[in-house]
Peer 1: 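Sharing a structure, written as structure tokens. Questions coming.
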Amino acid sequence: MAGGSGVRRSISILGSTGSIGVNTLDVIAQLGGTDAFDLVALTGNSNVELLARQAREFGARIAVTADEENYTALKEALAGTGIEAAAGRQALVEAASADAGWVMAAIVGTAGLAPTLAAAARGADIALANKECLVSAGDLFVHAVKEGGGRLIPVDSEHSAIFQSLEDDQHHAVERIVLTASGGPFRTWSREQMADVTVEIAKAHPNWSMGLKISIGSASMFNKALEMIEAKHLFDLNPEQIEVIVHPQSIIHSMVGYTDGSVLAQLGAPDMRTAIGYALTYPDRPKLNVERLDFVKLARLDFEAPDEVRFPALRLARTALARGGVQGAVMNAAEEVAFDAFCAGRIGFLAMADIAEEVMEAMAPHPAATIIEDVFEADAEARRRAAEIIARKEMAA
Ligand code: NDP
């Protein structure tokens with residue numbers, strides 16, 4: 001039984017059909033499956049077949065597809081099982097509001113914000129993979145978790161590493177955190193070489209197997225930019241305390257530097273199940289069937305300074321951190337629109353950062369968000385502006 005208490009833990013997975021969702025279910029299976037866990041809600045979007053299979057296998061009470069057009073297919077796939085099928089954005093929020101004590105937030109993009117907020121507001125422990133919640137809603141999201149009374153446990157491997165390397169009651173002695181970045185597939189490429197890359201080339205991450213959005217974000221380093229903002233809010237840091245170092249082997253997942261010169265790090269094979277397992281059983285450590293590090297085989301760990309000229313996303317994150325307010329939401333929303341356009345072959349790889357920067361400039365300064373609707377408004381305006389820039393670029397091409 002989970003935690004050895006004999007009581008099945010109730011959990012939900014928002015985004016169960018994605019890379020993090022599938023890994024979460026693998027961890028759950030390793031830790032006792034349905035004997036140990038009571039699956040309340042599973043959610044997906046386009047992959048109805050997988051969602052239905054997961055719901056049947058893990059005996060979920062509710063399965064939700066975000067896309068209303070998939071409702072009939074989901075209902076048919078679950079016929080006779082007693083599992084409730086639902087569809088649409090409101091249904092996602094309702095599923096997140098159902099009474100699971102632990103919720104994995106693993107929807108990709110800002111679409112994850114409303115359901116994760118709903119789970120946070122009712123006091124669930126949030127295992128946070130969806131970094132966009134913190135990038136967009138920042139302090140408001142942290143406040144919602146505090147008000148709800150649940151815990152916020154990072155799942156992003158870098159933030160999990162920092163979480164694990166932070167000593168209790170020593171926040172005052174933290175000098176800096178060092179986020180490691182693999183550098184992605186274009187670590188050594190020039191901007192000229194990156195100009196014409198396709199989605200197929202950009203998504204081929206050297207170390208990690210992940211969803212499409214984060215894989216492309218690793219290639220452009222937009223993912224690291226989001227992680228810098230995520231770290232600020234998760235660990236209550238000043239922007240100057242956040243460093244990025246390129247570490248091509250992805251073995252050190254991130255580090256914390258203290259005032260006595262010590263640096264604590266968390267290391268492991270590049271496998272998200274370690275961070276997911278830790279978030280599930282925290283403060284205990286689960287027994288997981290994942291690869292163990294062989295230091296003799298590894299032989300060396302390399303480090304390089306990040307290049308903010310070839311990878312301007314890092315510079316944009318610094319700008320967003322310095323400006324504060326809704327600039328994180330603006331950067332993220334503009335980049336999501338630009339990412340979709342890149343995937344559709346409408347713009348080139350390098351244009352993603354150009355578009356995000358243009359929208360950020362156009363929307364600065366911007367009044368800070370005091371309620372969550374301010375965030376949604378800034379997000380919508382940034383999307384509108386990004387779409388206009390893309391249309392203009394297409395006209396000019
Ligand atoms: P995937 O693209 O693999 O999965 C995304 C999930 O969200 C799927 O379940 C997908 O459903 C669902 N989804 C997609 N669009 C919507 C929508 N509009 N509304 C509701 N649900 C939607 O992503 P990842 O698992 O890679 O990443 C998920 C989150 O975790 C991201 O925020 C990412 O940055 C973060 N993360 C991921 C890591 C990784 O290793 N993958 C590492 C660290 C953080 P469907 O597939 O059915 O369409």
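Side chains are part of it too, since the values below use all heavy atoms of this structure and drop only hydrogens, waters and symmetry mates. Everything numeric here is computed off the predicted structure, so don't read it as measured data. When a ligand or atom number is given, it counts from 1 through the structure's own listing order.
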Peer 1: Hey, which atoms in ligand 1 end up nearer than 4.0 Å to a heavy atom of A129?
Peer 2: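 Those of ligand 1 that fall under 4.0 Å from A129 are 30 (O), 32 (O), 35 (C), 36 (N), 44 (C).
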Peer 1: Specify the protein heavy atom at minimum distance from atom 27 (O) of ligand 1: its residue, its atom name, and the distance to 0.1 Å.
Peer 2: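 Of the protein heavy atoms, I20 CG1, 4.2 Å lies nearest.
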Peer 1: Starting from atom 34 (O) of ligand 1, locate the nearest protein heavy atom and write down its residue, its atom name and how far away it is, to 0.1 Å.
Peer 2: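 The closest heavy atom on the protein side is K131 CE, 3.1 Å.
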Peer 1: Nearest to atom 2 (O) of ligand 1 by heavy atom, A66, S215, G211: which?
Peer 2: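 Nearest heavy atom to atom 2 (O) of ligand 1 lies in G211.
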Peer 1: For ligand 1, which atoms sit closer than 4.0 Å to a heavy atom of L92?
Peer 2: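 Selected atoms, number and element: 20 (C).
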Peer 1: How far is atom 18 (N) of ligand 1 from the closest protein heavy atom, and which atom is that?
Peer 2: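 Checked against all protein heavy atoms, atom 18 (N) of ligand 1 sits closest to A111 CB, 3.6 Å.
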Peer 1: Heavy-atom contacts with A106 under 4.0 Å: which atoms of ligand 1 show up? List them by number with element.
Peer 2: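 Taking each heavy atom of A106 in turn, ligand 1 has 5 (C), 6 (C), 7 (O), 28 (C) under 4.0 Å.
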Peer 1: Roughly how far, to the nearest 0.5 Å, is the CD1 atom of I107 from the OG1 atom of T116?
Peer 2: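 Those atoms lie 6.0 Å apart.
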Peer 1: Of all the non-hydrogen atoms in the protein, which one sits nearest to atom 36 (N) of ligand 1, and at what distance?
Peer 2: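 Here the closest protein heavy atom is I214 CD1, 3.6 Å.
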Peer 1: Which atoms of ligand 1 have any heavy atom of G44 under 4.0 Å away?
Peer 2: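 So the answer, numbered in order with elements, is 11 (O), 47 (O).
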Peer 1: Give the intermediate values and the outcome of salt bridge (charged side-chain N to carboxylate O under 4.0 Å, His left out) for residues R53 and E49.
Peer 2: CA-CA 6 Å; R53 196 161 7 105; E49 195 210 318; 3.6 Å; yes
Peer 1: If only side-chain N and O atoms count, and only distance matters, is there a donor-acceptor pair under 3.5 Å linking N207 with S250?
Peer 2: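 Per modelled atom types, S250 and N207 side chains form a pair under 3.5 Å.
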Peer 1: For the 3.5 Å polar cut-off, considering only N or O atoms, please tell me whether S209 and ligand 1 meet it.
Peer 2: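 No.
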Peer 1: Could you go through the salt bridge (charged side-chain N to carboxylate O under 4.0 Å, His left out) check for K224 and E227 one step at a time?
Peer 2: CA-CA 5 Å; K224 207 52 55 182; E227 288 178 4; 2.7 Å; yes
Peer 1: Which atoms of ligand 1 sit under 4.0 Å from any heavy atom of E132?
Peer 2: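 Answer for ligand 1: 32 (O).
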Peer 1: Using a 4.0 Å heavy-atom cut-off, say whether T65 meets ligand 1 through its side chain, its backbone, both or neither.
Peer 2: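 Contact part for T65 vs ligand 1: neither.
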Peer 1: For ligand 1, which atoms have a heavy atom of I107 less than 4.0 angstrom away?
Peer 2: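 Those atoms are 7 (O), 20 (C), 21 (N), 22 (C), 29 (C), 32 (O).
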Peer 1: Quick one: does S46 get an N or O within less than 3.5 Å of an N or O on ligand 1?
Peer 2: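 Looking only at distances, the answer is yes, because the N/O contact criterion of under 3.5 Å is met.
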Peer 1: How far apart are the C-alpha atoms of E304 and R187, what are their side-chain angles, what is the distance that settles it, and do they pass the salt bridge (charged side-chain N to carboxylate O under 4.0 Å, His left out) test?
Peer 2: CA-CA 10 Å; E304 297 162 11; R187 179 171 63 85; 2.4 Å; yes
Peer 1: Decide whether the shortest distance between a heavy atom of G21 and an atom of ligand 1 is less than 4.0 Å.
Peer 2: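 Per 4.0 Å heavy-atom rule, G21 does not contact ligand 1.
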Peer 1: Counting heavy atoms only, which of N223, V155, T17, D156 comes nearest to atom 45 (P) of ligand 1?
Peer 2: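 Looking at heavy atoms only, T17 sits closest to atom 45 (P) of ligand 1.
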Peer 1: Enumerate the atoms of ligand 1 whose separation from the nearest heavy atom of N47 is less than 4.0 angstrom.
Peer 2: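 Counting atoms of ligand 1 from 1, those under 4.0 Å from N47 are 45 (P), 47 (O), 48 (O).
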Peer 1: Sub-3.5 Å donor-acceptor pair from the side chain of N23 to the main-chain atoms of S19, do we have one?
Peer 2: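 Checked: pair present.
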Peer 1: Is M272 touching ligand 1 with its side chain, its backbone, both, or neither, if touching means heavy atoms under 4.0 Å apart?
Peer 2: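 Side chain only; the backbone of M272 stays clear of ligand 1.
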Peer 1: Among protein heavy atoms, which sits nearest to atom 3 (O) of ligand 1, and what does the distance come to when rounded to 0.1 Å?
Peer 2: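 Going by distance alone, atom 3 (O) of ligand 1 is nearest to S19 N, 2.9 Å.
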Peer 1: With a 6.0 Å cut-off on the ring centroids, do F58 and F37 count as close?
Peer 2: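 F58 vs F37: aromatic centres not under 6.0 Å.
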Peer 1: Short list, please: which atoms of ligand 1 are under 4.0 Å from a heavy atom of N130?
Peer 2: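 Selected atoms, number and element: 32 (O).
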Peer 1: Taking atom CZ of R191 as the centre, does the number of heavy atoms from other residues, nucleotides or ligands within less than 6.0 Å exceed 12?
Peer 2: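 Yes, CZ of R191 has more than 12 neighbouring heavy atoms, counting only those of other groups under 6.0 Å.
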Peer 1: Determine whether more than 12 heavy atoms belonging to other residues, nucleotides or ligands lie under 6.0 Å from atom CD of Q90.
Peer 2: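 More than 12 heavy atoms, drawn from other residues, nucleotides or ligands, come within 6.0 Å of this atom.
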Peer 1: So which heavy atom in the protein is nearest atom 4 (O) of ligand 1, and how far is it from that ligand atom?
Peer 2: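 Going atom by atom, the protein heavy atom closest to atom 4 (O) of ligand 1 ends up being G18 CA, 3.1 Å.
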Peer 1: Taking 4.0 Å as the limit for heavy-atom contacts, which would you say applies to V108 with ligand 1: side chain only, backbone only, both, or neither?
Peer 2: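 The answer is both.
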Peer 1: Should F222 and F339 be marked as a ring pair (Phe, Tyr, Trp, His ring centres under 6.0 Å) after you check the CA-CA gap, both sets of side-chain angles, and the distance that decides it?
Peer 2: CA-CA 10 Å; F222 250 106; F339 161 79; over 10 Å; no
Peer 1: Is D169 atom CG crowded by more than 12 heavy atoms from other residues, nucleotides or ligands, each under 6.0 Å away?
Peer 2: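 Not more than 12 within 6.0 Å, no.
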Peer 1: Is it the side chain (CB and beyond), the backbone, both or neither of K213 that lies under 4.0 Å from ligand 1, heavy atoms counted?
Peer 2: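 For K213, there is no contact with ligand 1 at all, from either part.
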Peer 1: Tell me, yes or no, whether the heavy-atom count around K393 atom NZ, taken from other residues, nucleotides or ligands under 6.0 Å, exceeds 12.
Peer 2: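 Yes, the 6.0 Å shell around NZ holds more than 12 heavy atoms from other groups.
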Peer 1: Run the numbers on K213 and E335 for salt bridge (charged side-chain N to carboxylate O under 4.0 Å, His left out), then give the verdict.
Peer 2: CA-CA 10 Å; K213 172 78 169 56; E335 197 266 337; 2.8 Å; yes
Peer 1: Please indicate whether any nitrogen or oxygen in N45 is less than 3.5 Å from any nitrogen or oxygen in ligand 1.
Peer 2: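 Yes, N45 has an N/O under 3.5 Å of an N/O on ligand 1.
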Peer 1: Taking the inter-plane angle between the rings of Y278 and F163 on a 0 to 90° scale, is it parallel (under 30°), tilted (30 to 60°) or perpendicular (over 60°)?
Peer 2: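 The rings of Y278 and F163 stand perpendicular, inter-plane angle above 60°.
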